[in-house]
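Notes for the one structure printed next.
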Amino acid sequence: MPFVAAGHARPYGPPVKEAHEHRVPMRLSRYFLPVLKEVPAEAEIVSHQLMLRAGMVQQLQAGIYNWLPLGWNVLQKVEQIVREEQNRAGAIEILMPTIQPASLWRESGRYDAYGKEMLRIKDRGEREMLYGPTNEENVTDIFRKHVRSYRQLPLNLYHIQWKFRDEVRPRFGVMRGREFLMKDAYSFDLDVEAGAAAFDRMFVAYLKTFKRMGLTAIPMRAETGPIGGDMSYEFQILAQTGESAVYFDQAFEEIDFSADDLDVAQLKKLYAAADELHDPAACPVPPERLRSGRGIEVGHIFFFGTKYSAAMGATVLGPDGKEVPVEMGSYGIGVSRLVGALIEANHDEKGIVWPESVAPFRVGLINLRADDELCRGVADDLYAKLEAAKVEVLYDDREERAGAKFATMDLIGLPWQVTVGPRGAKAGTVELKSRRTGAVEELSVDALLARFAA
RNA sequence: CGGGGCGUAGCUCAGCUUGGUAGAGCGCUUGCUUCGGGAGCAAGAGGCCGGAGGUUCAAAUCCUCUCGCCCCGACCA
């Protein structure tokens, strides 16, 4: 750790390899889970309230959060799904720093264009720097220093890194923080056609990524904003509490986004628009097929051609021996925002309801009677066996009353609750409850283990 | 960046109008009793009332400045 702390290279996260492994199971009595019974006054929307109440995050400043163990755990799960789908789509992971030199941004002309959203700082030598709000210049610099030939294309480099945008008004907890974790990928291609193909690969990767998290993401044509360019889609996930109204063709509900043969051209033809771009009079979708809802933007992809490569001299020699600027695109996913968005889409009046793929623990084991020898014996034994079976489990072994334990488990939203109580302990059974459906079944310890060991 | 609101115990808040030695509930500690959906009783710990100036015999309370946070709008992964 000292090595990591000494630089700004990678302020978070385990190496990729470890993230595949199961997490260390935890006894709640030894964990750090500062849950709150009451709703902190600062939180307005439900995901923010629940993240604070479940002890996932803690605000340090406006729009800047500490990630506590439970939240950090989820953040890493989300990050890992994003990473795996980027890798699968052929993107290659790198890591660029959070701090960038102003000189790079002067080359693209964005140092002046970006405005107050960009946090500007100076080092001891009065050198102008900035905390990166995005990394087009940085990655283009990497490219131009190392790539000379079209034979090295296509190339897609991505990283998952903290960014800072000095929002005038941060809000909604981690959904719109100033500091946020983002995956951004950058594609480099010889010509527009190849660039468009790279764009489509990311388009599909995004749909799969969100699908794996149990989210329905609707791709919508979008404005390009300060990134620039002429082809842009944003991905909105549906949640009752979404920021903006969205309208889309019912066909999106019928598509299996996890399929391997998604037809991007077809998908792009389907109608979907946020309210500001939706004109009911001009909408091509007949009313009976038009769906509406509220959306949270969790991803945004751009194809902007030679905007940066031309300005910064990122060129390659083509097969004809001519030097041309590369065609580029950039592809963002708001990783930390997704944690909030996931809760917006998955909660009830009692708390969070995690999809299994991103749950901080798969199983919450509750010993109802910590003072009862029989119960404790059964629960300790089950905990050890779940651990041996590499099931991610949080074991509530605290000396609390039943109600408090159930309330805590419901709040933090682990998909499965396993309850050991005096009644079942005598009969050799435990209770298994689905957090999502509430369905309860009674079964033997062996049957339970068989259910989760896989 | 315009408009509004709020800073008092770890959390939610009362007290401020009308200045007079700082409160409640939850949480925390200890003991006893409880024990299948956020237990009861008892005894405790815990606050420079965001900060700095000022007015006053006296300021959480009145005045000025400042810092922070939240909400609405405009803007955004």
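Owing to the predicted nature of the structure, the values given are computational and were not obtained by experimental measurement. Each chain gets a letter, A, B and so on, in the order the sequences are listed, and its residues count up from 1.
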Q | Residues forming a ring pair (Phe, Tyr, Trp, His ring centres under 6.0 Å) with Tyr331(A), sequence neighbours excluded | A | none
Q) Who passes ring pair (Phe, Tyr, Trp, His ring centres under 6.0 Å) against Tyr65(A), sequence neighbours left out? A) His48(A)
Partner set under side chain to side chain contact (heavy atoms under 4.5 Å, CB included) for [X], not counting sequence neighbours:
X         : answer
Ala311(A) : none
Lys350(A) : Asp348(A), Asp410(A), Arg435(A)
Pro133(A) : Trp105(A), Tyr114(A), Met118(A), Leu130(A), Arg165(A)
Val168(A) : Glu117(A)

If you measure from the [atom1] atom in [N] to the same atom in [M], how many Å do you get, rounded?
N       : M       : atom1 : value
rG68(B) : rU56(B) : P     : 31 Å
rC75(B) : rA24(B) : P     : 49 Å
rU8(B)  : rG46(B) : C1'   : 14 Å
rU61(B) : rC70(B) : P     : 25 Å
rG73(B) : rC62(B) : P     : 31 Å
rU66(B) : rA22(B) : C1'   : 25 Å
rU64(B) : rC28(B) : P     : 42 Å
rG15(B) : rG7(B)  : P     : 10 Å

Tell which nucleotide pairs with [N], taking only Watson-Crick or G-U wobble pairs whose two distances are both under 3.5 angstrom.
N       : answer
rG68(B) : rC6(B)
rC76(B) : none
rG20(B) : rC57(B)
rC28(B) : rG44(B)
rG37(B) : none
rA14(B) : none

Please state how far atom [atom1] in [X] lies from atom [atom2] in [N], giving the value in whole angstrom units.
X         : N       : atom1 : atom2 : result
His300(A) : rC75(B) : NE2   : P     : 15 Å
Leu33(A)  : rG27(B) : CG    : C1'   : 15 Å
Tyr114(A) : rC76(B) : OH    : P     : 10 Å
Glu38(A)  : rU12(B) : CD    : P     : 8 Å
Leu52(A)  : rG10(B) : CG    : C1'   : 14 Å
Arg176(A) : rC69(B) : CZ    : P     : 15 Å
Asp184(A) : rC76(B) : CG    : P     : 19 Å
Glu243(A) : rA74(B) : CD    : P     : 13 Å

Going by the rule side-chain hydrogen bond (donor to acceptor under 3.5 Å, both in side chains), which residues pair with [X] if we only count those two or more places apart in sequence or in a different chain?
X         : result
Arg201(A) : none
Arg212(A) : Glu84(A), Glu85(A)
Asn156(A) : none

Q: Please confirm whether any donor atom in the side chain of Glu42(A) sits under 3.5 Å from an acceptor in the base of rG68(B), or the reverse.
A: no
Q. Taking N and O atoms by type only, does the side chain of Arg171(A) place a donor or acceptor under 3.5 Å from a partner on the base of rC69(B)?
A. no
Q | Short N-O contact, Glu128(A) and Arg120(A), less than 4.0 angstrom | A | no
**Q.** Pair Asp184(A) + Lys163(A), salt bridge at N-O below 4.0 Å
**A.**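 Lys163(A) and Asp184(A): salt-bridged.
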Using a 4.0 Å heavy-atom cut-off, does [X] contact any base of the nucleic acid, only the sugar-phosphate backbone, or nothing at all?
X         : result
Gly177(A) : base
Val39(A)  : sugar-phosphate
Lys116(A) : sugar-phosphate

Q: Respond yes when some side-chain nitrogen or oxygen of Arg169(A) is under 4.0 Å from OP1 or OP2 of rC71(B), and no when none is.
A: yes
Q | rC76(B) phosphate, OP1 or OP2, under 4.0 Å from Arg337(A) side-chain N/O | A | no
Q) Are the side chains of Leu215(A) and Leu342(A) in touch, meaning some heavy atoms are under 4.5 Å apart? A) yes
Q) Near RNA chain B, under 4.0 Å by heavy atom, which residues of residues 58-67 of chain A? A)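 Only Gln59(A), Gln61(A), Ala62(A) qualify.
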Q | Sugar-phosphate or base contact per nucleotide [nucleotides 33-38 of chain B; S, B, -; heavy atom under 4.0 Å] | A | -BBBBB
Q: Using a 4.0 Å heavy-atom cut-off, write out nucleotides 3-8 of chain B from 5' to 3' as B (base contacted by protein), S (sugar-phosphate only) or - (no contact).
A: ------
**Q.** Whether Tyr233(A) and Phe203(A) hold their rings parallel, tilted or perpendicular, with breakpoints at 30° and 60°
**A.**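 Ring orientation of Tyr233(A) relative to Phe203(A): perpendicular.
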Q | Side-chain H-bond candidate by donor/acceptor type, Ser244(A) with Asp275(A), under 3.5 Å | A |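 Per modelled atom types, Ser244(A) and Asp275(A) side chains form no pair under 3.5 Å.
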Q) Counting side-chain heavy atoms from C-beta on, which of rC13(B), rC1(B), rC26(B) comes nearest to Val168(A)? A)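 Minimum distance to the Val168(A) side chain belongs to rC1(B).
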